[in-house]
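Note that the numbering runs from 1 along the sequence shown for the chain. When a ligand or atom number is given, it counts from 1 through the structure's own listing order.
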Amino acid sequence: MKILKTAEELARFVESTDFNHPVGFVPTMGALHEGHITLLKKAKEQNKTAGVSIFVNPLQFNNASDFTNYPIDTDNDIRLLQEAGADFLFIPQKENLLHHFTPPVYDLAKLNDVMEGPFRPGHFQGVAGIVHLLFSLVKPDRAYFGEKDFQQLAVIRHMTKTLNLPVEIVGCPTVREANGLAMSSRNRRLSDEQKEKAGAISRFICSLREVFPENTPTEIIRQEVFRQLEQRGFVPDYFELCNPDTLEPSSLFSSALSLQACIAYHAGEVRLIDNCAYTSV
Ligand code: AMP
């Protein structure tokens, strides 16, 4: 595995004969887990060259302590990537990557007005900026993103489409712990008890069909989800049922509509998000 620590080293690699197209690329913030490795494996299956970036993007943190406390585990990340057969790892320092970078302002349409948008001002502009920058350096043919970050995936698809970027965006299913909890680098900061309780929340938002009758108002479901969160000592940010493409919220849980159940909440100092698909029947 080539480890590239600067944009200049990456540029030389991208021009080399080792960089065979099609190229699959997985942008990450490190502290890797099975979710990230699944994305890499898909990139390996579908491309001749497959690699990962690790960059804790300061532009996408709207909360200073979340940024400072973001887990870093580079030696273990390198080991996992080598075991999984990555061809390259791009792991730049902030000064190197962002030295000459003035992030543009992106048209995110209404995708930024819902769910994470109001709770994390500037977050998706920061995500779009860094992903766009990474695309321009790596020049991948395909880029792999997890459905775990459902709204992020919608934002990246939108940016790629509106800017006509020559990259195919591949969405990959959420990888979960045995108890249902979506894998996340932030889970490292949870206690065993919090992990168990958060697993129950994930299982609940993935079993709404079994619990709520057809056409239940979203507000009723939200109240129950919030009650379950509070019962476990968690603090809700939002629960929404939204259109999976436009992210427009639905006021009814109707089986005639494809809907994504999306949630964000705080477990102590750790903010967790998750989502689950309900396809129309
Ligand atoms: P992050 O390092 O958290 O920025 O995530 C990097 C990529 O991995 C993003 O596209 C995430 O959506 C994806 N990802 C994170 N956790 C999971 C998971 N549990 N299952 C699938 N993809 C994931």
Legend entry - Residue pair Phe67, Val56: steps toward the side-chain contact (heavy atoms from CB on, under 4.5 Å) verdict: CA-CA 8 Å; Phe67 178 60; Val56 184; 3.7 Å; yes

Legend entry - Presence of salt bridge, Glu248 and Lys110, under 4.0 angstrom: no

Inset, instruction - Considering only NZ, NE, NH1 and NH2 on the basic side and carboxylate oxygens on the acidic side, decide whether Arg222 and Glu240 come within less than 4.0 Å. - result: yes

Legend entry - Student check: side-chain heavy atoms of Gln46 and Tyr144 closer than 4.5 Å: yes

Give the atom numbers and elements of ligand 1 that come within less than 4.0 Å of a heavy atom of [X].
X      : result
Thr28  : 2 (O), 6 (C)
Asp149 : 11 (C), 12 (O)
Met29  : 1 (P), 2 (O), 4 (O)
Met183 : 16 (N), 17 (C), 18 (C), 19 (N)
Phe145 : 10 (O)

Legend entry - Proximal candidate to atom 21 (C) of ligand 1 [heavy atom criterion; set Ser53, Ala182, Pro173]: Pro173

Legend entry - Winner among His33, Gln152, Glu147, His36 once heavy atoms are compared against atom 17 (C) of ligand 1: His33

If we only consider heavy atoms of [X], is any one of them less than 4.0 Å away from an atom in ligand 1?
X      : answer
Pro27  : yes
Tyr70  : yes
Thr174 : yes

Inset, instruction - Could you check atom 20 (N) of ligand 1 against the protein and tell me its nearest heavy-atom contact, residue, atom and distance included? - result: Val175 N, 2.8 Å

Legend entry - Protein residue, atom and distance nearest to atom 10 (O) of ligand 1, heavy-atom basis: Gly146 N, 2.9 Å

Inset, instruction - Determine the interplanar angle of the Phe25 and Phe88 rings, folded into 0 to 90°, and report it as parallel if under 30°, tilted if 30 to 60°, perpendicular if over 60°. - result: parallel

Inset, instruction - Consider only side-chain N and O atoms of Asn57 and Tyr70, and report whether a donor and an acceptor are under 3.5 Å apart. - result: no

Legend entry - Flag for Thr174-Glu147: side-chain donor and acceptor within less than 3.5 Å: no

Legend entry - Where at least one partner belongs to residues 121-141, residue pairs that pass side-chain hydrogen bond (donor to acceptor under 3.5 Å, both in side chains), sequence neighbours excluded: His21-Asp141, Tyr106-His132

